[in-house]
Number of protein chains: 2
Amino acid sequence: MLVVKIADIAQRAGVSPATVSQVLNGKYKENRPSMQARAAQIRELAAEMGYKPNAAARSIVRGRFNAISLLIDYGGWGQGISRHLLGEVMAVLNEVDMQLTVTQVPRSVDGEGQAEIFKQRCVDGLLTWFTTGAPQLFVDRCAAERVPSVFLNTKLPRDCIYPDDLGAARKLTQCFLEQGLRRIAYVGQDIPAASRHYSVDDRLAGYLGAMHDAKRKPLVVAPSRVGDELGIHDYINRCLEDFKPEAVICYGGLEESVVTAPWYRGCPIGFFTSASHIYFQSPHWVMRTPDAHMGREGVRALLRKIKTGRSFASQAIPFELTVRPGTSLRRRAPAHAEDES
Amino acid sequence: MLVVKIADIAQRAGVSPATVSQVLNGKYKENRPSMQARAAQIRELAAEMGYKPNAAARSIVRGRFNAISLLIDYGGWGQGISRHLLGEVMAVLNEVDMQLTVTQVPRSVDGEGQAEIFKQRCVDGLLTWFTTGAPQLFVDRCAAERVPSVFLNTKLPRDCIYPDDLGAARKLTQCFLEQGLRRIAYVGQDIPAASRHYSVDDRLAGYLGAMHDAKRKPLVVAPSRVGDELGIHDYINRCLEDFKPEAVICYGGLEESVVTAPWYRGCPIGFFTSASHIYFQSPHWVMRTPDAHMGREGVRALLRKIKTGRSFASQAIPFELTVRPGTSLRRRAPAHAEDES
DNA sequence: TTGTAGGCGTTATCAT
DNA sequence: ATGATAACGCCTACAA
């Protein structure tokens with residue numbers, strides 16, 4: 001008897017399988033002492049024999065899998081997906097006793113790539129993370145497959161949970177303005193619209209909106225990625241050097257170009273990142289992507305959708321702003337470097 | 001007919017469910033043209049109706065789940081688990097058409113924490129990642145549960161796949177010695193044996209062994225973590241300043257204390273890390289934890305174990321050494337900062 | 001209160 | 001060659 005099943009317990013206990021099932025699922029009315037004793041005996045026997053319910057058998061009779069799938073695009077592991085997001089997703093699922101399966105999307109999300117994903121029915125819903133947002137083609141496919149889905153990091157009218165880049169950029173700019181800083185520059189990116197994440201447009205729009213409201217002249221530097229890395233770096237800093245900014249707001253990743261440039265003299269910089277640690281000592285205003293929050297809201301939305309079958313209006317999650325004044329101290333080793341072994 | 005099943009197809013095609021099943025699984029002998037036509041019709045019908053096999057039903061009749069679980073300890077998401085490892089695990093599983101479920105271990109791995117994990121039977125095997133190695137208590141439980149298991153990042157005689165810290169430290173020291181460097185210091189950690197990862201001992205042993213072979217006097221600095229961060233930093237550097245090392249080997253994470261210290265003048269340092277990017281410009285010799293390699297070997301070992309039922313002798317995976325000479329250039333922005341958004 | 005019987009979707013076996 | 005039929009492990013409505 002390699003693997004114990006309900007029938008085994010029933011036989012040893014001298015009752016029917018149905019009774020065992022009821023007892024083990026708490027659907028056994030234990031009114032009288034004799035029944036309590038019986039139930040206790042069955043439970044003890046089950047534990048002793050090492051009984052574990054077979055999830056597959058359960059799924060088939062209950063009509064659901066008690067599992068959702070986290071779908072991550074191919075580039076996702078290089079850049080985007082965060083352990084905080086993953087941790088939060090697992091925590092929520094744990095509460096409702098569901099499993100999480102993780103799947104990597106094939107290179108391309110066109111016809112055959114999709115086929116791979118929807119080949120079999122093994123989860124109740126789909127949580128997706130695409131580094132530059134879920135492609136429309138894929139969103140449509142999910143609808144066609146009638147699989148309850150939630151799209152993280154994607155800005156569409158419905159069924160999405162995404163970071164509020166627009167609001168974050170606006171807030172950041174306003175903070176600088178309230179400090180009395182006026183010459184605020186924005187360093188963005190020039191990316192072809194086709195492969196562009198919504199955040200590229202939204203952060204820029206947030207900055208421009210706040211500057212416009214304050215009647216300040218904006219300065220936008222948006223190098224294209226076509227040139228080499230050095231070219232971008234130099235291009236950004238030539239522009240900034242001319243402008244003599246009192247503060248700089250950078251699209252995530254470009255802040256390093258600024259703080260390491262020769263002209264830079266420690267003016268406040270604001271930028272967006274998902275990293276836990278910041279490795280330089282300039283005064284900085286960091287907008288952290290709300291990974292954990294997004295994960296939590298994402299699963300919850302998905303669970304609701306699975307239960308009700310209804311789609312929902314997309315939800316923007318606010319960034320978290322932390323401010324660190326500059327310091328002339330030598331940089332210290334972090335107490336526990338998160339990304340090091 | 002919300003979800004299509006084999007019976008539906010069979011009815012529409014005017015054949016029995018068994019025939020449909022055979023056709024769809026390629027176990028239908030298509031010898032004669034008439035049979036080929038029939039098979040083609042069934043396949044077309046299945047595609048048209050959007051049939052997807054139900055994984056649970058399959059599992060129950062085939063007796064296995066076609067899935068393994070990756071178990072990660074609570075602290076794992078803050079420190080250890082690597083996306084490269086995860087990516088490689090998924091890639092291997094994809095080839096054999098299996099699913100990966102990810103599970104977070106409860107706070108403690110004692111009795112009740114374990115119970116949570118083994119509550120139900122839903123995978124064919126367990127791949128585990130514990131930041132400081134799998135506790136014996138847990139390893140024993142896996143054996144008792146008769147679940148095929150592989151323990152990553154753990155050094156026990158059997159069923160483990162772990163980074164070769166001993167060999168890596170020895171190699172690193174030998175490299176320095178071959179460069180003609182003689183005064184080589186080692187910066188380690190003083191951690192209570194109970195909660196100590198094997199790498200703490202092994203790296204030190206590798207260093208000491210190589211120094212001994214070369215008949216060089218070792219210098220070991222091993223601050224305890226009891227004091228505050230500042231205390232550790234200062235302690236390390238007071239020792240090193242006195243010793244005047246020509247090279248320093250650091251346990252992962254401590255290298256920052258060295259390169260930012262006032263006495264430090266750019267001597268070569270060697271250290272261990274799982275990070276993709278190094279953020280300082282000293283000449284350094286980096287031993288990278290072989291995450292991807294470990295993931296690949298880990299799943300493969302687990303799949304073999306599931307198939308054969310036999311345990312295996314543990315396997316050490318070599319680190320990957322990369323050397324970067326020091327530079328006086330200003331640090332540039334990385335082309336694609338992996339940990340940034 | 002307890003147990004019997006039927007069904008969930010799929011596949012393997014064995015007559016036809 | 002094809003198709004009934006019987007499992008697989010579990011759950012539950014209903015009958016005893």
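Residue numbering restarts at 1 for every chain, and letters A, B, ... go by the order of the sequence lines. Note that this is a predicted model, so its numbers are computed, not measured. Atoms considered below: every heavy atom in the structure, side chains included; atoms not considered: hydrogens, waters and symmetry mates.
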Hey, is the side chain of B:Arg58 poking within less than 4.0 Å of OP1 or OP2 on C:dG9, counting only N and O atoms? no
Is the shortest side-chain N/O distance from A:Lys5 to OP1 or OP2 of D:dC8 below 4.0 Å? no
Over how many whole Å does the gap from A:Lys52 atom NZ to D:dC10 atom P extend? 12 Å
Distance in angstrom units between B:Asn25 CG and C:dT13 P, rounded: 14 Å
Select base, sugar-phosphate, or nothing to describe what B:Ile6 touches, counting heavy atoms under 4.0 Å on all strands. sugar-phosphate
If you compare every side-chain N and O of A:Ser21 against the phosphate oxygens of D:dC11 (OP1, OP2), does one of them come in below 4.0 Å? yes
Any B:Arg62 side-chain N or O less than 4.0 Å from OP1/OP2 of C:dT10: no
From CD of A:Gln22 over to C1' of C:dG3, roughly how many Å is that when rounded to an integer? 9 Å
Has A:Asn54 got a side-chain N or O lying under 4.0 Å from the OP1 or OP2 atom of D:dC8? no
So CG of B:Leu156 and OG1 of B:Thr154: to nearest 0.5 Å the spacing works out to 6.5 Å
Would you indicate which nucleotide in D:dA4, D:dC10, C:dT10 comes nearest to any side-chain atom of B:Tyr51? C:dT10
May I ask you to say what A:Pro17 touches in the nucleic acid, namely base, sugar-phosphate or nothing, with a heavy-atom cut-off under 4.0 Å? nothing
Using OP1 and OP2 only, check whether a side-chain N or O of B:Arg38 sits under 4.0 Å from D:dA1. no
Test: A:Glu48 and A:Arg12 ion pair at under 4.0 Å: yes
B:Thr19 side-chain N/O to D:dG3 phosphate OP1/OP2 under 4.0 Å: yes
Could you state the atom-to-atom distance from NZ of B:Lys119 to C1' of D:dC10 in whole Å? 17 Å
Can you check the B:Arg64 CZ to C:dT11 C1' distance for me, whole Å? 12 Å
How many Å lie between CD1 on B:Ile42 and C1' on D:dT2, as a whole number? 11 Å
B:Ser311 and B:Arg158 side chains, donor-acceptor separation under 3.5 Å: yes
Roughly, in whole Å, what's the span from CZ in A:Phe65 to P in C:dG9? 10 Å
Can you find a pair of side-chain heavy atoms, one from A:Ser195 and one from A:Thr132, that are under 4.5 Å apart? no
Distance, rounded to the nearest Å, where A:Ile9 contributes CD1 and D:dG9 contributes C1': 12 Å
Nearest-nucleotide 5' precedence on DNA chain D, B:Val15 against B:Ile60: B:Val15
Ring centroids only, cut at 6.0 angstrom: are B:Phe151 and B:Tyr162 within range, meaning strictly under it? no
